[in-house]
Protein chains: 2
Amino acid sequence: MTPNSDNADKYRVKSLDHAIDVVEALADGGRDGLAVTEVATAVGMSKSSAYSILQTLLRRGFVASQGSGPTRRYRLGLSFAYLGDRVTSQTGLREVAMPYLEELTRAAGLTSRLAIFDEGYAVAIGRVDGPGTIRIAPFLGRRELPHATAIGKAMLATLGDDEIHRIIKSTGLPARGPNTIVDVDTLLRDLRRTAERGYAVDDEEDTAGVVCIGASVLDRTGTCVGAISVTALKHEMRADAVAEIGVLVRRYADTITAELGGR
Amino acid sequence: MTPNSDNADKYRVKSLDHAIDVVEALADGGRDGLAVTEVATAVGMSKSSAYSILQTLLRRGFVASQGSGPTRRYRLGLSFAYLGDRVTSQTGLREVAMPYLEELTRAAGLTSRLAIFDEGYAVAIGRVDGPGTIRIAPFLGRRELPHATAIGKAMLATLGDDEIHRIIKSTGLPARGPNTIVDVDTLLRDLRRTAERGYAVDDEEDTAGVVCIGASVLDRTGTCVGAISVTALKHEMRADAVAEIGVLVRRYADTITAELGGR
DNA sequence: GATCTTGTTCGGTATCACCAAACGGGGTTA
DNA sequence: TAACCCCGTTTGGTGATACCGAACAAGATC
């Protein structure tokens with residue numbers, strides 16, 4: 001009899017799950033990687049088990065190793081770069097949008113990003129860094145809260161109220177930055193305003209000191225397939241520049257939408 | 001008694017290997033993904049096994065599914081985008097080089113790429129698409145032959161002869177394009193010339209109709225950490241433009257090298 | 001509305017993933 | 001230079017489990 005027989009283990013391949021634990025440990029392992037013992041303790045398994053998993057991943061290019069003997073260290077391999085590139089290309093949206101994103105970055109002088117919807121969350125699949133020395137390095141592929149980001153709110157604003165309720169019921173409205181909207185009615189008002197003016201504003205709602213402005217991208221059927229945004233430090237942005245940049249972002253989003261056959 | 005007891009299975013986690021087979025099948029599965037049955041036949045396992053693996057990967061975000069019931073299809077998930085971005089960022093080279101790569105693309109009007117060495121192969125970790133309508137879409141993270149690409153030859157040219165022999169012994173000198181160098185002595189001569197003028201030229205050696213020009217990037221210890229290159233269609237490039245662009249690529253490579261503290 | 005195709009569920013068994021402990025080789029210190 | 005220590009690598013045994021075959025169910029197609 002299992003101690004807690006919840007059905008979380010149904011159709012779960014345990015050893016694969018453990019291997020994923022190893023991979024995620026390596027992702028957080030930093031530049032110079034992790035030793036076998038460090039991996040084993042990080043994921044809570046025996047040294048030899050971790051070793052077998054690492055060897056298997058190594059042979060497939062999912063981890064790389066440097067050094068040998070007692071100084072050997074493991075880090076993520078380039079197979080992830082390959083598959084990651086395929087994933088972000090698979091939608092097709094990325095190929096169309098990236099050139100315009102580069103234009104937008106040049107025009108606004110700010111880092112810009114491209115995101116899609118994934119299970120209610122906003123996920124960036126493209127990025128063009130701006131010229132500024134400030135390097136707000138937003139990783140690709142990480143899930144971001146829809147209600148606390150410009151890119152998320154831009155996408156939410158294209159949906160019906162029932163769909164919005166369904167999403168925020170699963171993600172919740174957790175506070176992230178000083179101004180995060182944690183109230184449903186306030187969020188709905190903000191989304192209505194977003195839809196009217198055509199762009200979403202995140203004023204320190206996700207991260208203190210950071211302002212984002214985003215706009216949605218539609219496909220030929222009129223459904224939202226993603227959004228683009230620009231990011232700036234609050235103290236570098238004049239208050240009256242927000243509307244100006246908002247219109248700019250909206251214009252580029254419309255261009256991409258048109259390219260996709262949308263209207 | 002195993003039929004063929006070669007030690008290829010030492011420290012191999014079979015179920016993990018199978019899961020990787022599934023992942024690679026999905027990578028080739030195209031935009032709209034694969035059904036469970038298609039996955040099972042592609043990797044040669046039972047439907048239910050494939051199902052368990054897919055469910056496990058699904059819960060961790062490594063695959064995504066659309067549809068339900070008999071129309072359900074699976075494709076790669078965004079966790080790969082996240083990890084892939086971390087891998088390409090982990091070297092640190094990418095953060096430094098990408099802004100210059102964008103400049104280079106603008107200056108040359110051509111698609112440019114950034115690559116590193118991986119087990120003797122050249123692997124692209126960054127790319128900036130040029131304005132041309134031709135979209136030579138070189139995937140990131142895929143291993144490319146060192147002797148048949150500008151980016152690979154640029155890196156080889158920084159090594160000693162013994163190191164070069166060690167690498168081409170493992171990769172071989174297979175023909176890829178009309179002008180692939182398949183002879184060791186010819187390759188060594190080409191590499192010496194590459195070292196002298198500072199840039200490598202791939203004149204239809206990897207792909208027919210495609211010309212690449214690359215130059216190496218060094219770190220502060222003077223060892224080669226990667227290379228950059230530009231790609232063009234042969235019929236669009238004047239013969240005398242090669243030297244001109246070669247100097248340009250060399251200059252940007254030097255700039256990146258200097259940024260890394262190299263000399 | 002009948003039928004076919006395909007995703008999902010279930011149970012048994014041979015396989016194998018996991019652990020503990022031993023081995024061996026660099027790195028470090030005295 | 002030599003002894004110690006630490007850590008990656010190897011091995012063998014066993015209890016858990018990954019895999020398969022077959023049955024079930026739910027849409028799609030005509």
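Just the heavy atoms: all of them, side chains too, but no hydrogens, waters or symmetry mates, feed the values below. Order of the sequence lines fixes the chain letters, A, B, ..., with proteins taken first and strands second; residue numbering starts at 1 for each chain.
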### Query
Can you name the one residue among A:Ile256, A:Thr88, A:Ile151, A:Ile228 that meets side chain to side chain contact (heavy atoms under 4.5 Å, CB included) with A:Leu114?
A:Ile228
#### Entry: Among A:Val63, A:Val22, A:Ile53, side chain to side chain contact (heavy atoms under 4.5 Å, CB included) partner for A:Val39
A:Val22
### Task
Using the six-membered ring of B:Phe139, assess whether NZ or CZ of A:Arg86 lies under 6.0 Å from its centre and within 45 degrees of the ring axis.
yes
### Message
Is it the case that the side chain of A:Glu163 and the backbone of A:Gly160 share a donor-acceptor pair, with hydrogens and angles ignored and the cut-off at 3.5 Å?
### Response
no
### Query
Is any side-chain N of the basic residue among B:Asp85 and B:Arg94 closer than 4.0 Å to the acidic one's carboxylate O?
yes
### Task
Considering just the side-chain nitrogens and oxygens of B:Lys10, establish if one lies under 4.0 Å of OP1 or OP2 belonging to D:dT11.
yes
### Message
Rounded to whole Å, how long is the line connecting atom CG of B:Leu16 with atom P of D:dC19?
### Response
10 Å
### Task
Can you tell me the distance, in whole Å, between the CG atom of A:Leu54 and the C1' atom of D:dG8?
11 Å
### Task
Let me know the distance between CG of A:Asp17 and C1' of D:dT17, rounded to the nearest Å.
14 Å
### Message
Once you apply a heavy-atom cut-off of 4.0 Å, does A:Ser48 come out as touching a base, just sugar-phosphate, or nothing?
### Response
base
### Closest-nucleotide ordering on DNA chain C, the 5'-leading residue of B:Val36 and A:Gly44
B:Val36
### Task
Round to a whole Å and report the spacing from NZ of A:Lys47 to P of D:dT10.
13 Å
## Note on the structure
Contacted region of DNA chain C by chain B, from 5' end to 3' end of the hits, cut-off under 4.0 Å to heavy atoms, spans C:dT6 to C:dA17
### Task
Would you kindly give the CZ-to-C1' distance between B:Arg12 and D:dT10, to the nearest whole Å?
19 Å
#### Entry: Contact nearer the 5' end of DNA chain C, comparing A:Thr71 with A:His18
A:His18
### Task
Assign B:Ser15 to base, sugar-phosphate, or nothing according to its heavy-atom contacts below 4.0 angstrom with the strands shown.
sugar-phosphate
### Task
Please determine if B:Asp206 and B:Lys153 form a salt bridge, counting it only when a charged side-chain N lies under 4.0 Å from a carboxylate O.
no
### Task
Flag the pair A:Glu144 and A:Arg113 as a salt bridge only when some basic side-chain nitrogen lies within less than 4.0 angstrom of an acidic carboxylate oxygen.
yes
### Task
Starting from the 5' end of DNA chain D, give me the residue, A:Arg72 or B:Pro70, whose nearest nucleotide shows up first.
A:Arg72
### Query
Between the two ends of the helix from C:dG1-D:dC30 to C:dA30-D:dT1, what is the bend in degrees, rounded to 10 degrees, where each end axis spans five pairs?
60°
### Query
Among D:dG8, D:dA16, D:dC19, which is the nearest nucleotide to the side chain of A:Lys14?
D:dA16
### Query
Is the backbone of B:Cys224 close enough, under 3.5 Å, to the side chain of B:Ser216 for a donor and an acceptor to pair up by distance?
no
### Query
Is the shortest distance from a Lys or Arg side-chain nitrogen in A:Arg60 or B:Asp21 to a carboxylate oxygen in the other one below 4.0 Å?
yes
